[in-house]
Amino acid sequence: MERFTLSTDQYGEIGFGCLVDAENRLVASAFGPSLKIVKAHLANYSKKIGGEPMPTDRPITHEMIRLYNGEDVTRAISFNTDHVSKFQRQVYRVLERIPKGKVTTYGRISKHLGSAPRAVGGAVASNPWPLFVPCERVVNFDLTIGNYGLCGNLGPAGTITKQALLERERVPILENRIDKKAVWDPSRDNR
DNA sequence: GGACCCAGAATAA
DNA sequence: TTATTCTGGGTCC
């Protein structure tokens, strides 16, 4: 049984939480409409991968709130990737390269990786590090916002949250649709 | 292996 | 523009 620390924070109505391992690597993060939901979600995740969370305070949730507000983190975050598949890691590596203020589509990522859009959708949906890995920057082929899961729950609240996040990152949005100018292609820009 | 899942894409109207 | 159909690939048992 691995030991993790669970730190949580409240910012306005929103609850934030981070699961961190003994080496100070981020195992998972979550945010949602209440602290209770976030705690339950992370406790459940921890159980799934065979860990035991101990509550503590860590400044990492402050970094999370910065990201939520469309700001940058103040230090490098290292991730514990032990519990995600190889394919997921490939997808997340692409997500991390999406510049702030830009978006890409499931189809573009799948073409870049030689995979299928729905498979990418599945991988993005199971992103353990929302906000730290910017899964909100992936939208539908037709540039509508698409879905966003809050603690694993899909629904209108997720889409509203996703749009708000993108707006704070200064992604141009015209009537529920991303401006074409903001589209970034993983195959064209190999920084 | 095989069944089932997916936060998509393409097509038709 | 919406509704329907078709996908391929990943994951879990």
Side-chain angles (χ1 to χ4, degrees), chain A residues 2 14-17 19 26-34 37-38 40-42 44-51 64 67-68 70 79-169 171-180 182-188:
Chain A
E2 247 185 297
I14 315 290
F16 294 85
L19 211 53
L26 188 62
V27 178
S29 61
F31 71 112
S34 84
I37 293 172
V38 170
H41 176 76
L42 287 175
N44 189 41
Y45 183 80
S46 174
K47 202 171 118 187
K48 204 177 81 182
I49 61 176
M64 211 179 164
L67 290 166
Y68 178 77
F79 298 99
N80 178 335
T81 58
D82 295 351
H83 307 97
V84 301
S85 71
K86 200 171 142 194
F87 178 70
Q88 282 173 292
R89 274 198 285 266
Q90 282 184 296
V91 173
Y92 303 149
R93 214 171 298 146
V94 176
L95 299 194
E96 288 182 293
R97 286 172 39 223
I98 307 173
K100 194 160 101 177
K102 300 276 179 187
V103 298
T104 192
T105 65
Y106 298 97
R108 282 184 164 83
I109 295 175
S110 68
K111 201 172 281 179
H112 180 64
L113 295 177
S115 172
R118 303 201 73 162
V120 173
V124 176
S126 48
N127 172 21
W129 311 287
L131 295 178
F132 293 101
V133 171
C135 52
E136 75 277 8
R137 293 179 197 157
V138 191
V139 299
N140 293 338
F141 180 81
D142 63 3
L143 299 186
T144 52
I145 304 288
N147 289 310
Y148 192 74
L150 288 174
C151 295
N153 300 315
L154 289 177
T159 306
I160 293 165
T161 307
K162 185 172 179 179
Q163 177 159 354
L165 284 171
L166 293 173
E167 282 169 351
R168 283 195 288 270
E169 295 182 356
V171 173
I173 300 173
L174 312 162
E175 307 198 15
N176 303 326
R177 210 174 276 254
I178 310 286
D179 191 329
K180 262 192 291 197
V183 176
W184 173 87
D185 192 329
S187 303
R188 284 244 294 272

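Protein chains get the first letters and strands the later ones, always in sequence-line order, with residue 1 at the start of each.
At the heavy-atom level, A:Arg177 lies under 4.0 Å from the strands shown only through sugar-phosphate atoms. Within the 4.0 angstrom heavy-atom criterion, no nucleotide atom of any strand lies near A:Gly146.
Looking at every heavy atom in both residues, A:Pro33 comes nearest to A:Leu150 through CD-CD1, 4.4 Å. The nearest pair of heavy atoms linking A:Gly17 to A:Val38 is N-CG1, 3.6 Å. Annotation for A:Gly101 and A:Ala182: closest pair O-CB, 3.9 Å, computed over non-hydrogen atoms. Of all heavy-atom pairs between A:Ala123 and A:Phe87, the closest is CB-CE2, 3.8 Å.
Looking at heavy atoms from C-beta onward, A:Arg108 lies in side-chain contact with A:Val183 at the 4.5 angstrom threshold. For the pair A:Leu67/A:Phe31, no side-chain contact is recorded, criterion being any heavy-atom separation below 4.5 Å from C-beta on.
To the nearest angstrom, C1' of B:dT11 lies 12 Å from CZ of A:Phe141. Atom CG of A:Asn140 is separated from atom C1' of C:dT1 by 15 Å (rounded to the nearest Å). Atom-to-atom, NZ of A:Lys48 to C1' of C:dC12 comes out at 11 Å; the value is rounded to the nearest Å. The NZ atom of A:Lys111 sits 10 Å away from the C1' atom of B:dA9 (whole-angstrom rounding). If you take CG of A:Leu150 and P of B:dA7, they are 14 Å apart, rounded to a whole angstrom. Computed from coordinates, the A:Gln163 CD to B:dA7 P distance equals 20 Å when rounded to whole Å. When rounded to the nearest whole Å, the span between CG of A:Asp142 and P of C:dT1 equals 9 Å. Look at CZ on A:Arg108: it is 21 Å from P on B:dA7, rounded to the nearest Å.
Counting non-hydrogen atoms of neighbouring residues, nucleotides and ligands closer than 6.0 angstrom, the NZ atom of A:Lys47 reaches no more than 12 such neighbours.
Counting only Watson-Crick or G-U wobble pairs whose defining distances are both under 3.5 Å, the stems of 3 or more consecutive pairs in DNA chain C are B:1-6 with C:8-13, B:8-13 with C:1-6.
Looking at A:Tyr148, its side chain has no donor and acceptor atom pair within 3.5 Å of the base of B:dA7.
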Item to check | Step-by-step side-chain contact (heavy atoms from CB on, under 4.5 Å) determination, A:Asn127 to A:Val91 | outcome: CA-CA 9 Å; A:Asn127 172 21; A:Val91 173; over 6 Å; no
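Formation of a donor-acceptor pair under 3.5 Å by the A:Ser46 side chain with backbone atoms of A:Leu42 is not found in this model.
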Give me, pair by pair, the N or O atoms of the protein and of nucleotides 8-11 of chain C that are less than 3.5 Å apart, along with how far apart they are.
{"residue": "C:dT11", "atom": "OP1", "partner": "A:Ser85", "partner atom": "OG", "Å": "2.5"}

